[in-house]
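Heavy-atom basis, side chains included; hydrogens, waters and symmetry copies ignored. Throughout, protein chains are lettered first and strands after them, A, B, ... in sequence-line order, and every chain is numbered starting at 1.
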Amino acid sequence: MKELQTSTRYDPADAEPRISRRWLDSGINHPDPEGSPAENFSIAVPPPNVTGALHMGHALNGSIQDALIRWHRMQGRRAKWVFGTDHAGIATQKQVENKLARDGVRKEDLGRERFVDEVWEWTREHGGIIQEQFKRLGASLDYEQERFTLDDGYAHAVLQVFVDLYEQGLIYRDHYMVNWDPGLGTAVSDLEVEEREVQDTLYSIRYSDDVVIATVRPETMLGDTAVAVHPDDDRYRHLIGTTVTLPIVGRELPVIADDYVKMDFGTGNLKITPGHDPNDFEIGRRHGLETVSVIGEDGRMTAEAGEAFAGMTALEAREAVVQALGDAVVATEPYTHNVPYSHRSGERIEPLISLQWFMAMDELARPAIDVVRRGEVKIHPPSQERRYVEWLENIRPWCISRQLWWGHQIPVWYRGEDEVHCGLEPPSGDGWERDPDVLDTWFSSALWPFATLGWPEDTPELRAFYPTDVLSTARDILFLWVARMVMMGLRFCDAVPFEHVNVHSVIQAPDGRRMSKSLGTGIDPLDLIDRYGADATRFGLLAMSSSQDVRFSEEKIQQGAQLANKLFNASRLILTHAAPQDSAAELAIEDRWILSRLERAKADAAERIATFDFSKLALGLYDFVFSELCDWYLEMVKPRLYDGDAAAQDTALRVLEETLALAHPVIPFVTEELWSMLPGERGLLAASRMPPGDPSRLDAQAEEILDRTIATIRALRNWRESVDAKPGLFVNARLDADGVPAALVGQLARFEWADGEPAATVPVPGGAVAVFATEGLDLGAAARKLAAERERLEKEIARAEGKLSNPGFVEKAPEPVVAAERAKLERLRAELEAL
RNA sequence: GGGCGGUUAGCUCAGCUGGUCAGAGCGCGCGCCUUACAAGCGCGAGGUCCCCGGUUCGAGCCCGGGACCGCCCACCA
């Protein structure tokens with residue numbers, strides 16, 4: 001309250017820590033695990049990397065989810081926003097490897113156990129940062145029940161799922177072509193691979209008189225086991241069934257026919273290397289070809305590549321092979337094409353055959369498609385549904401094993417050649433060795449909505465909060481994560497993990513590039529919070545967001561800061577001049593108007609929450625507060641507030657109170673702060689009920705009258721400009737327009753209603769204002785202005801007349817449209833008349 | 001190679017199922033320290049709504065074609 005009197009500015013840096021403390025101490029973030037999922041509201045946060053820091057995506061999605069959580073909490077529901085972090089296998093392991101490397105230590109020097117200890121140590125040191133950052137954002141996550149994908153309970157859930165799926169035959173081990181990341185020394189899934197356009201050299205190599213193949217990777221020819229042509233290719237039909245001799249190696253390669261070969265590309269001869277090309281691998285399987293692996297998991301040529309090349313890197317081998325081929329290389333040309341790169345390490349993917357664990361997806365995918373088709377899981381915006389469904393329809397086995405140390409180690413033990421044990425506990429007996437691989441991080445993430453709530457135990461949390469209500473995320477992990485959660489939720493909990501998926505936009509750098517640390521295009525949300533406050537940051541991000549990708553614009557953040565400040569100053573005005581009134585004093589027209597507008601703002605906000613339209617939610621609040629509440633209502637009601645008018649005080653206070661509540665989910669800090677200054681004893685706004693809609697306040701008559709009043713004031717202000725009226729000057733005039741509250745118009749347009757000799761006329765809705773000679777007015781300019789106005793009216797009248805005299809329009813347009821046009825014409829004529 | 005989305009004021013973006021839909025914020029210009037707020041208030045200037053056809057009484061809004069931009073998916077060596 002002191003601040004209200006002494007400062008004209010809201011100071012987020014002062015208020016936020018204080019408010020944050022009150023929220024955290026209040027326990028509102030940790031609802032009791034009671035009631036049913038239907039009556040409760042829950043969201044599982046996309047778990048950030050345990051050692052991660054808050055980036056723009058977190059900040060935006062945090063703002064979205066928190067708006068939802070706060071909104072529904074204020075509807076009186078137990079609202080639980082599950083908090084936790086992800087062990088982020090590759091990312092975290094790499095951080096620690098890098099740290100060790102700075103001390104000249106390799107993880108192999110430590111051994112697995114000590115290395116993993118090191119990583120735990122690292123997560124303890126660097127974990128928890130993002131939690132503090134979420135708190136600064138005002139995110140009302142349930143910090144009291146934080147989960148981690150590697151905590152004991154969670155790890156148990158992960159292994160349970162593995163064992164179950166193994167026993168059901170959906171998880172299996174196989175030699176298969178995988179995306180090998182030579183940088184990380186592990187296989188990665190298809191989703192962790194990105195295509196990049198690169199310049200390579202395309203080599204044409206003569207295998208025989210008839211056969212010339214083209215390749216960008218000559219070193220892989222050492223692993224060729226066939227040459228393929230298209231079955232309809234007349235040029236080579238005669239070769240099918242014969243063999244050619246592989247240069248350098250001397251192996252006889254059968255010439256096979258396969259539809260895959262494009263006749264019109266290159267020579268129409270395709271070398272087949274089943275060991276190092278995904279397509280060739282498939283072709284090899286179709287034709288029962290032998291597989292030769294010439295590149296190893298270390299990225300170096302194997303013994304099978306031959307003595308001359310073994311031990312070389314693939315790149316070295318390429319040159320050596322070209323050298324050895326000599327004249328057999330008949331052409332080289334620059335060649336631009338797409339090449340797979342590891343998303344994680346940025347290294348070029350080496351496709352090779354490896355013994356890995358896979359999850360069969362078809363059986364899991366079908367129900368996950370069905371629930372979306374049936375609307376049991378609703379994706380917003382619906383355009384994303386198609387992507388989701390199409391991806392699942394074309395899903396392939398998921399390579400779930402990773403050659404890392406940090407993560408959930410696969411619960412499978414081997415003894416000898418053919419003894420295998422899969423289980424939660426190690427097998428008894430000697431000589432068993434555990435599979436060294438860990439699971440893909442996304443395997444554990446896929447269980448997030450239920451494993452965080454205690455599954456596989458039948459916990460109160462699970463009963464109260466699963467299925468969750470909303471999952472909010474950016475587009476990029478719709479497949480990686482969302483689809484997999486749906487599959488796992490259905491499989492293990494017999495229920496969808498969430499009803500709604502909100503796919504939000506990606507905020508790009510102001511120049512349209514991707515926001516990324518490495519590009520230097522990142523913007524730190526914490527910096528925004530420091531400079532503008534958490535409310536401003538939240539507001540700005542929500543205002544920017546849409547389903548479409550958008551460029552970051554700091555203006556929107558500033559707009560948020562202005563909104564907070566505006567509310568602060570509106571509160572100063574109201575709270576220093578209004579006390580609660582218990583008399584039911586009669587409301588003035590502007591009181592009825594603002595209450596009616598407030599109802600619409602409430603209905604709009606509810607609608608926008610329900611449709612995940614956060615941009616309009618934020619901007620709608622801004623418009624209501626600035627335009628309707630402050631620019632018009634408070635300006636109108638000010639004198640009555642000063643005079644102690646009961647209806648004015650009561651209305652202003654009530655509107656302020658409800659506006660604070662309405663805005664709270666978007667800008668929680670400033671609203672909580674101001675709420676605490678409202679008269680009377682009241683608890684936290686965050687724990688209060690959202691004022692319910694009150695249809696009895698909707699007042700079409702008041703809105704109609706105020707519409708005209710506002711238009712009249714605007715017309716008069718406009719006219720004042722045209723005659724150079726000094727802002728402080730009261731203009732003497734007579735109001736010749738019915739149904740417009742003269743006092744309000746006079747007050748806001750600075751006109752004094754009197755009698756006198758008209759010297760000028762100002763057209764206003766439904767009539768005119770006759771202006772009397774007043775000193776300080778340039779009426780010559782007024783005349784010019786009037787002429788221009790007359791011209792505008794005449795033009796509009798002509799347009800309306802034209803429309804109405806068009807038989808096509810009158811006959812075919814719907815009746816209300818025609819009637820509206822007629823009414824408009826009449827109004828325009830009346831206004832012209834008044835001039 | 002498929003699929004999706006975009007192209008509206010100098011900038012960032014709204015414009016629902018075709019009929020005041022040509023808008024907002026910022027920026028810009030002019031004027032105001034009017035006792036809530038000068039990070040404020042008032043007023044204003046700025047747009048062949050990407051292009052070409054079409055449907056319609058009427059089209060940023062629907063249809064066809066084209067141009068550019070972005071994203072996703074994809075096994076042409």
Side-chain angles (χ1 to χ4, degrees), chain A residues 4 7-10 177 190 195 202-204 213-217 220 228 260-262 264-273 277-283 335 337-338 340 351 381 383-384 386-387 390-391 394 475-476 478-479 506 508 510 512 514 532 543-544 546-556 558-559 561-562 565-577 615-616 619 622-623 626-627 630-631 634-635 638 641-642 713-714 717-722 724-728 748-750 796 799-800 803 806-814 816-818 820-821 824:
Chain A
L4 281 189
S7 172
T8 63
R9 302 222 60 82
Y10 169 65
M177 174 74 53
D190 295 339
E195 301 286 323
L202 185 66
Y203 299 86
S204 295
I213 60 88
T215 181
V216 293
R217 305 197 59 192
T220 63
Y260 171 77
V261 183
K262 303 281 179 291
D264 53 1
F265 189 92
T267 58
N269 298 140
L270 180 62
K271 72 194 263 298
I272 302 298
T273 320
D277 182 282
N279 307 312
D280 294 4
F281 180 75
E282 295 298 332
I283 294 171
Y335 188 67
H337 64 150
N338 288 335
S383 56
Q384 295 297 323
R386 182 178 182 154
R387 282 181 69 218
E390 283 181 2
W391 183 74
N394 298 308
R475 260 193 328 265
D476 51 351
L478 192 63
F479 308 148
V506 173
Q508 302 166 330
R514 187 175 286 280
Y532 297 105
M544 270 175 250
S546 68
S547 53
Q548 188 64 22
D549 285 355
V550 287
R551 298 181 180 203
F552 179 82
S553 62
E554 199 157 311
E555 293 154 12
K556 288 286 188 294
Q558 288 166 351
Q559 218 179 318
Q562 286 167 340
N565 196 239
K566 198 70 174 175
L567 278 174
F568 179 81
N569 280 297
S571 300
R572 291 182 67 206
L573 171 64
I574 295 169
L575 296 179
T576 52
H577 290 98
S615 173
K616 289 213 189 65
L619 294 173
Y622 181 94
D623 284 343
F626 266 77
S627 170
C630 292
D631 290 350
L634 289 182
E635 289 303 327
K638 232 186 243 181
L641 282 181
Y642 295 152
I713 292 165
R714 287 209 162 115
R717 283 174 174 168
N718 188 303
W719 181 84
R720 292 181 66 105
E721 292 284 326
S722 71
D724 281 336
K726 286 268 181 301
L748 294 189
R750 300 223 165 197
E796 283 210 43
R799 222 174 65 176
K803 244 181 162 175
N806 177 349
F809 175 72
V810 181
E811 282 159 28
K812 295 187 180 172
V817 174
V818 178
E821 199 62 32
K824 176 180 162 189

Determine, stepwise, if the pair A:Thr220 / A:Asp277 fulfils side chain to side chain contact (heavy atoms under 4.5 Å, CB included). CA-CA 9 Å; A:Thr220 63; A:Asp277 182 282; over 6 Å; no
Are [X] and [N] close enough that a side-chain N or O sits under 4.0 Å from OP1 or OP2?
| X | N | result |
| --- | --- | --- |
| A:Lys616 | B:G15 | yes |
| A:Asn569 | B:G40 | no |
| A:Arg9 | B:C37 | no |

Are the side chain of A:Arg720 and the backbone N or O of A:Arg750 linked by a donor-acceptor pair below 3.5 Å?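 Indeed, once roles are kept as given, a pair shorter than 3.5 Å links the two residues.
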Go along nucleotides 70-77 of chain B 5' to 3' and tag each nucleotide: B for a protein heavy atom under 4.0 Å from its base, S when only backbone or sugar atoms are that close, - otherwise. -SSSBBBB
Generate the contact string for nucleotides 25-32 of chain B. Rules: B means base contact, S means sugar-phosphate contact only, - means no protein heavy atom under 4.0 Å. BS----S-
Look at all strands and tell whether A:Glu635 reaches a base, only sugar-phosphate, or nothing, counting heavy atoms closer than 4.0 Å.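 The residue A:Glu635 makes base contact.
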Contact class for A:Arg720 (heavy atom, under 4.0 Å): base, sugar-phosphate, or nothing?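 If one applies the 4.0 Å heavy-atom cut-off, A:Arg720 turns out to touch nothing in the nucleic acid.
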Determine if the base of B:G60 is syn or anti; take syn to mean the glycosidic torsion is within 90° of 0.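 Syn, angle within 90° of zero.
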Is the base of B:G44 syn or anti, if syn means a glycosidic angle within 90° of 0?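 Because its glycosidic torsion lies more than 90° from 0, B:G44 adopts the anti conformation.
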Rounding to the closest angstrom, what is the interatomic distance between B:G47 and B:C4 at atom C1'?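 So the two C1' atoms sit 28 Å from each other.
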Pair assignment for RNA chain B - dot-bracket with | for other-strand partners, Watson-Crick or G-U under 3.5 Å: (((((((..((((.....[...)))).(((((.......))))).....(((((..]....))))))))))))....
Which residues share a side-chain hydrogen bond (donor to acceptor under 3.5 Å, both in side chains) with A:Arg217, sequence neighbours left out: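 Applying side-chain hydrogen bond (donor to acceptor under 3.5 Å, both in side chains) to A:Arg217 gives A:Glu219, A:Glu350.
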Who passes salt bridge (charged side-chain N to carboxylate O under 4.0 Å, His left out) against A:Glu390, sequence neighbours left out?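 Expected list: A:Arg386.
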Taking only residues two or more places apart in sequence or in another chain, which ones pass salt bridge (charged side-chain N to carboxylate O under 4.0 Å, His left out) with A:Lys271?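 By the salt bridge (charged side-chain N to carboxylate O under 4.0 Å, His left out) rule, A:Lys271 matches A:Asp224.
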Can you find a heavy atom in the side chain of A:Asn569 that is under 4.5 Å from one in the side chain of A:Arg572?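 Counting from C-beta outward, A:Asn569 and A:Arg572 do come under 4.5 Å.
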Rounded to whole Å, how long is the line connecting atom CG of A:Leu573 with atom C1' of B:G40?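 Interatomic distance, CG of A:Leu573 to C1' of B:G40: 14 Å.
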Please report the distance, rounded to the nearest Å, between CG in A:Asp631 and C1' in B:G40.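 After rounding, the gap between these two atoms is 10 Å.
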Out of B:C43, B:A36, B:C37, whichever nucleotide has its closest atom nearest the side chain of A:Arg717: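 From the listed options, B:C43 comes nearest.
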Mark yes when over 12 heavy atoms from residues, nucleotides or ligands other than A:Lys726 sit less than 6.0 Å from its NZ; otherwise mark no.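 Count not over threshold, so no.
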